[in-house]
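What follows is a single structure, written as structure tokens, with notes after it.
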Amino acid sequence: MFISSTGRKQALPVSNKRTSQSEGIHPMDVQMAVFHCADSFLKQLLVTKLSQCQYALPLLVPDPFTQQIDFGSVSSSKSQLINSLINEKHNTFFHRNCPGSSRTRVLMDGVVEIAWFCPSGSHDDKITDCVAFCNLHGDAGDHQKQLQILTEMASVIVVLLPRLQKNDKNMIQLQQLYKDSKPLIYRNQSEVYEDLRRAINECLSESSFTFRLEDVSKHSDIRVDEEDDEDCRRGREAAQQMMSLLEKKDLTEIKGSVLPCHGKLWHQWSQKNKELHRPQGNEIEMDISRKQTEMKKIREQQHESDISEFLKFFIKEMNSDTGHQMYFINWLRICLDAYIAADFSVLHHKYDETWSKILKLKEKHEPEKLTTKQAELESISEKFQAAAFGLENIMREIGQIYESCSSVKKNKKDLQFDFSSLPSLAAEMMISGFPLELMDGDAAHVPVIWISAVLDELIQKLGDQRVFVLSVLGLQSSGKSTMLNAMFGLQFAVSAGRCTRGAFMQLVKVSDEMKTQMNFDYILVVDTEGLRALELAGRSTRHHDIKLATFVVGLANLTLINIFGENLSEMQDILQIVVQAFMRMKKVKLNPSCVFVHQNVSDITAVEKNMEGRRRLQQTLDKMTKLTANEEFYDAECFSDVIRFDVQNDVKYFAQLWEGSPPMAPPNPKYCENIQELRESIMSHASNSHGMMLTHLKDRIKDFWEALLKEHFIFSFQNSIEISAYRKLETEYSKWSWSLRSAMIETENKLHNKIENEAIHEVEETDLQRELKKTSEEVERSMSEFFEKDKDKDILIQWKTSFEMKIKDVQQNIFRETKRKLNEILQQRDLKKKSDDHENTLYEKSKELSVKLKDKTNDKETQKKKTDAQRTHHENTLYVMSKELALKRKDKTNDEETLNKEFDLFWKQIVDIIITDTPPLKNFEIMRDVRKILSEGHLPVDHIKEDREYIKIFTMSSYCEYVIFKKSSKNGFKETVKGAYRRFKKTLGYVRTLSPEKEAEIKSFVTDVEQQTDTMIQSFNISKMGYKISYIQQLIDYIKKRVTEHEEGAVKYEFTKQFLVDLVLSICKRANKMITDQHRLFKEAIYVKKKREEYYNVFQKYCHGSTSAAIFGEIICQKLKEPIEQSVYKKTARDLTDEMRSNCQSLNGKRSNLEKHILKTLADDEDFNKYMNYIHNPRDHFKSFIRDEVSQYITDKFSVSVLPKMKKNIKLLQQKIMKAAHESTEHVQENRGDVDLWLKSFTQQLSDELIFSEKDLSGVKHDDVDDINLLEDVIRQELLAVMSDICNRFNTKTFPVNLDHKFRPDDLLIDHFCQCCWVQCPFCGATCTNTIENHHGDHSVPFHRNIGLNGIYYRNTSNFSTHICTSAVASSTLYFYPSDSDDSILYRDYRRAGGVYADWSITPDLSELPYWKWFVCRFQKDLEKQYNKTFEGCVEITDKWKKILKTKCY
């Protein structure tokens, strides 16, 4: 104890003290001010940091608001004297001669500081005992309470005195100390250091009194902060009570007894999980299923194990509302460290001794003894692991309790709280500044379920904050954790008996001031175990280090590479691992940064040496890059090819941490400066980084760990953050493309009407661009906003350019396709016009001309236009003749009965004449006509085959029965081998009768022919022209032509005749219903007979003296009826399509959503034939499903959606028609025109809305119409009746039938959804999910199927294979034979097969849908019958498969 006394004293209260403006604030006053204002945790942190830096700690602190301040002092400094005793080169106690000191101080008088001297055990120790130096600041005479306490607890008392008078009161105090039994040393010359040190050593050797810090708290006159603070006291009591539960337990057995879940069981589960992700040899699905079952049992064992009272106590305390949890955790950590310290010290000593002996034995080359000692070292290492017991072990156990409960989906029997609350506990600890274990160092495994749940809770509590992830890599004991703790004030464990194991992460909140410079809210620091850890001696492998390095580098935005010392070989070892990790990041398109920290470098101020060091580092990195590039199959010559790296700015040199030798060596001030420089460099990197969201961090942890579990990281890595962002982009792309398509459909309809009305005579692409300009600009704005404002904008930006190009391509395709359609309509109109020009208004001449034209051409479009013209002529002829008949009878009897009889006679005569021009309608059977034509062509037709078998060609798994292989002989002629199969190989593998490429090629051909023939049938326009057997002939001719063209192409096979027959029969059977329905409409369209009432009305009105204007107005309304109906159907169809894109669950998203609903519907229906159609002809099934969905939606929503839309559209159209009529009337009046001018104006205004023009009234005489106002009034009245009649005919049956085939909702949606990729996996047949046809990059699918569903089976057996593609490509022994090749290829090297195989990305993992396992079990017999194979020998269909419920598949 050091005290001083002086006779000169001036006391003032603190509140009256004012320092001079010229004097600075005393540094110790700053420290004490902070100390007084700090809470308990900050005080603890301050004291800890002061101790680590070898500075004195405040022991006794007077109340600053009552203390009197002493300004007098002795001439010498006690603090400086003590410093000379402890360490002459370091100011442990701050004194008056230290830099920055001032003459006055406010808060230090009366403060007792304490510092410890610990001898190193070497011969030059100046003091041989462990000594605590206590220093009372100020005049001891003025601080009696402190003096008394120090006197009682001191072993030796040292007093510094000025020269005193006998009557000085301090002399009395000195006499009292002299009388005390404790040694007393007093000096009035502080410079005599050696004498004083010698005296202290002598006194200590004679004194038996020892000092214990705890004894200070027993003094009645002082207040101890931990006792005074209720929360602190309760936290300590709780920690002590919890520790009491560990009494009398062997340290190496504690974890197994009190924390059973995270020990052996967790390690077993981890090992099984690794094996599951790395299938060995010829493992089959049963092996995978067995491992999954074993893992499930381990989880059940974990769940059934009892929770110890120790852990129950911890969980209870952490969930209590008492407010002392943080005190409790801190006390518990202190208690646990103290609990294991002694045992760890013994183990460390044994480990060091054994390691030294091993090194000597290696030199002596004594292998037997060496093996024994290595086994002993391994045993000690295992004891280390068993004895390590800290807070992280408790949290591991809680994590495993959570994961086991999540697995079995129920709470643990003796858990007081619901297991779902456990992640919240860990999240609160992270927020409070505690590290969370990311990777279990003992199991070398990441508890992904637990970590994800904790991060989810963290997001709930903090929001989805943006974080900058900083990780550190380096050799063991290279100062990584110390560096991080010093830089950010963290709590990573250092020198606590053992180095860091695994990886820990800790949150550092960014201040509001720093947020203005950064783009994130937190820094997440990841500390890792050392590479080449000694604790893993004998078991550690380079593979483990590479896995760890890849994991932490992949998670981080910036990685610190910590290199210790200047040994080049040590440096090369770590650098190769680091280079490989960064190379892997490059290959998976991640671009983290790195900074190299070269620690413990001597003479870091030497510029030349630093430049040389940087040059050597650059050379080493380039060398390691070349070596690693070969291993990773990557093209790189230097480190800068792998990562952006500036050797001048991204390499930092650190001084040694300690100045001198421990334990009394203080920190090197230069090290602190280096820390500050490094932190500034990190902040610079951070300011240029966007970091990542916590949700993204969670996904990245899962992605990287899943990939690292497998053997091939690059092959296995899937960036789910990018995948999620890309899927979101695809969804938006679907909306943008639909907006463009929807707008163009509207434009196409408008221009179509104008063409038919002869308002326009050509369509240019610029016209379409002008029409679409507004929508295009809206889509561009939406795209820009999405890429600029979406939370994933930093990820999405990489696809911005490509998707902008795709949207432009979509627009161009829409323009070209629309232009093509409209130009076809123009051509058809011109053909019709030419036909009309040849027709005479007289019926007979029309009839003669029609007969001539009928014989002259078979062109279907000309025939259609002729029919339309003929129909219009018939109507106009009826009108003229009805009017003439009425005028003849105008002056005769007009009673209704007479009129009716005369008109009936007239009607019979005229209709008989007209009908003779119409081909007779007869019953027909399409399939009979098909067979007839095929038979006439000498093609084999099976007349007995049932109709339902005709569509087999679209669903069959293999086309081998239809194939004749071409084979060139040596003599030059071609031989054919019917039904030839590829010969079976003798080596192990799987075979199929046709290669996947050929199967896919033929399937694609069949699908394309089916689609083209469907388009042909639509173009026949049977609803207006009727069915003709010539249509079937055209279809068959087209199919023959396509088959011949295919055979003449670059294929090595021909089709059998049966193929052509079955293809024709299948296509015609599918088209049968459509053709029949359309012909029925045609029969109804021969409506001249049904027009009787309409023309009788004209006849009747003329007889009754109605004006020409009234009759003409009524005729106009009757002529408008069909165009109005067409327009309303088209507009309603478009509106309904938009609605279904929003409201129909199966159609309101992208294609993947549609497929999900297809799979659910298939499972609900359980129709095997539908499944086969989906598996082998997915595009066709999608179309059928869309049509069914649209049909069902129309049926279900007809009254609440369809009908209201139609009525709304009718009302809008009625308003437009009346507006056109009124404006035409005004136009005639203003220009003094006649009815022709009115009609021209009227039809022009409606040309956008209706297919209605002056030519539709060309046969109706109207030159005697002179009352335009009356005409408008008649139209207004009659239009109501027309509209009412149209509305009355709306129902669920007529709506789909009357829709224009070009504007049907199902066809519009098919165009939208089916313009995507339809390439199928060459193994399992799963369809590529890319929404863009002919897309760049590989084909892929999230979930593959059992390859047996595509007909693959075991060689030389009839047994199906039940492998899933993703597990097959993980195998090292499974082979297949591509493209009729004799060379077998490993499934894992499938890309080497080239062709369709090389275009697919199939990752080796466990991603699968239980759905298809359920399907195999449900339809096992159907599959066996379909493929003529069996599952009987397939042990893969395990009980686990059979337990899968259909409801779980959803």
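- The pair Asp109-Arg105 meets the salt-bridge criterion, with a side-chain N (NZ, NE, NH1 or NH2) lying under 4.0 Å from an Asp/Glu carboxylate O.
- The structure places CD1 of Ile254 at 8.0 Å from CZ of Phe310, a figure rounded to the nearest 0.5 Å.
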Under the salt bridge (charged side-chain N to carboxylate O under 4.0 Å, His left out) criterion, do Glu353 and Lys350 qualify, and how do the steps go? CA-CA 5 Å; Glu353 278 187 345; Lys350 288 182 179 179; over 6 Å; no
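- Crowding of Lys316 atom NZ: a count of heavy atoms from other residues, nucleotides or ligands under 6.0 Å not exceeding 12.
- The CG atom of Leu81 sits 10.0 Å away from the CD1 atom of Ile86 when rounded to the nearest 0.5 Å.
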Given His90 and Glu659, is the side-chain hydrogen bond (donor to acceptor under 3.5 Å, both in side chains) satisfied, shown in steps? CA-CA 9 Å; His90 178 63; Glu659 281 192 326; over 6 Å; no
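- By the salt bridge (charged side-chain N to carboxylate O under 4.0 Å, His left out) test, Glu437 pairs with Arg396, sequence neighbours left out.
- With contacts defined as side-chain heavy-atom distances shorter than 4.5 Å, the pair Phe328/Met318 qualifies.
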List the steps and the verdict of side chain to side chain contact (heavy atoms under 4.5 Å, CB included) for His26 and Thr104. CA-CA 7 Å; His26 196 286; Thr104 58; over 6 Å; no
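- To the nearest 0.5 Å, atoms CG (Asn393) and CG (Leu259) are separated by 6.5 Å.
- Asp337 contributes no side-chain N or O that, together with a main-chain N or O of Ile334, makes up a donor-acceptor pair within less than 3.5 Å.
- Counting heavy-atom neighbours within 6.0 Å of Lys43 NZ, excluding the residue itself, gives a total above 12.
- Residue Ile675 comes nearest to Met487 through the heavy atom pair CG2-CA, 3.8 Å, listed as atom of the first residue, atom of the second, then distance.
- For Tyr339 (side chain) and Gly390 (main-chain N/O), no donor-acceptor pair under 3.5 Å exists by modelled atom type.
- Nearest heavy-atom pair across Ile25 and Asp29 is CG2-CB, 4.3 Å.
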One pair to check against side chain to side chain contact (heavy atoms under 4.5 Å, CB included): Gln148 and Thr151. What are the steps and the verdict? CA-CA 5 Å; Gln148 180 186 354; Thr151 303; 5.8 Å; no
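- When all heavy atoms of Ser101 and Pro27 are compared, the pair lying nearest together is CA-CD, 4.1 Å.
- Put simply, the side chain of Gln146 gets close to the backbone of Gly110: a donor and an acceptor are under 3.5 Å apart.
- Side-chain N/O atoms of Asn87 and Gln54 include no donor and acceptor closer than 3.5 Å.
- Between the side chain of Asp129 and the main chain of Val131, no donor-acceptor pair closer than 3.5 Å is present.
- Expressed to the nearest 0.5 Å, how far CG of Leu57 lies from OG1 of Thr92 amounts to 10.5 Å.
- Between Asp352 and His348, the side chains place no donor N or O within less than 3.5 Å of an acceptor N or O (distance only, hydrogens not considered).
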Working for ring-ring contact (aromatic ring centres under 6.0 Å, His included), residues Tyr671 and Phe654: CA-CA 6 Å; Tyr671 180 88; Phe654 267 43; 5.4 Å; yes
Go through the steps to decide whether His324 and Glu317 satisfy the test side-chain hydrogen bond (donor to acceptor under 3.5 Å, both in side chains), and finish with yes or no. CA-CA 9 Å; His324 67 266; Glu317 285 296 316; 2.7 Å; yes
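- Pairing each heavy atom of Leu391 with each of Ile329, the nearest pair is CD2-CG2, 3.5 Å.
- Between atom SG of residue Cys53 and atom CH2 of residue Trp658 there is a gap of 7.0 Å, rounded to the nearest 0.5 Å.
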Apply side chain to side chain contact (heavy atoms under 4.5 Å, CB included) to residues Ile394 and Leu332 and explain how you reach the verdict. CA-CA 11 Å; Ile394 297 173; Leu332 181 63; 3.9 Å; yes
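- Asp39 contributes a side-chain N or O that, together with a main-chain N or O of Leu42, makes up a donor-acceptor pair within less than 3.5 Å.
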Pair Phe434-Asn330, side chain to side chain contact (heavy atoms under 4.5 Å, CB included): steps then yes or no: CA-CA 10 Å; Phe434 289 92; Asn330 277 281; 3.8 Å; yes
Would you tabulate the side-chain donor-acceptor contacts of residues 237-245 under 3.5 Å, counting partners in other chains and residues two or more places apart, or write 'none'?
from   : atom 1 : to     : atom 2 : distance (Å)
Glu237 : OE1    : Arg233 : NH1    : 3.2
Glu237 : OE2    : Arg233 : NH1    : 2.6
Ser244 : OG     : Gln241 : O      : 2.4

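- Side-chain atoms of Thr48 come within 3.5 Å of backbone N or O of Gln44 as a donor-acceptor pair.
- Listed for the Asp527 side chain is no donor-acceptor partner under 3.5 Å among the backbone atoms of Phe504.
- With hydrogens and angles disregarded, a donor-acceptor distance shorter than 3.5 Å links the side chain of Gln506 to the backbone of Gly433.
- With 3.5 Å as the limit, one finds a donor-acceptor pair spanning the side chains of Ser40 and Tyr327.
- For the atom pair CD (Glu113) and CZ (Phe133), the distance works out to 14.0 Å, reported to the nearest 0.5 Å.
- In plain terms, the two heavy atoms of Leu150 and Cys134 that are nearest each other are CD2-CB, 3.9 Å.
- Here the side chain of Asn668 pairs no donor or acceptor atom with the backbone of Ala655 at under 3.5 angstrom.
- Closest approach of Asn562 to Val472, counting heavy atoms only: CB-CG2, 4.3 Å.
- Looking at Asn91, its side chain never comes within 3.5 Å of a backbone N or O of Phe93 through a donor-acceptor pair.
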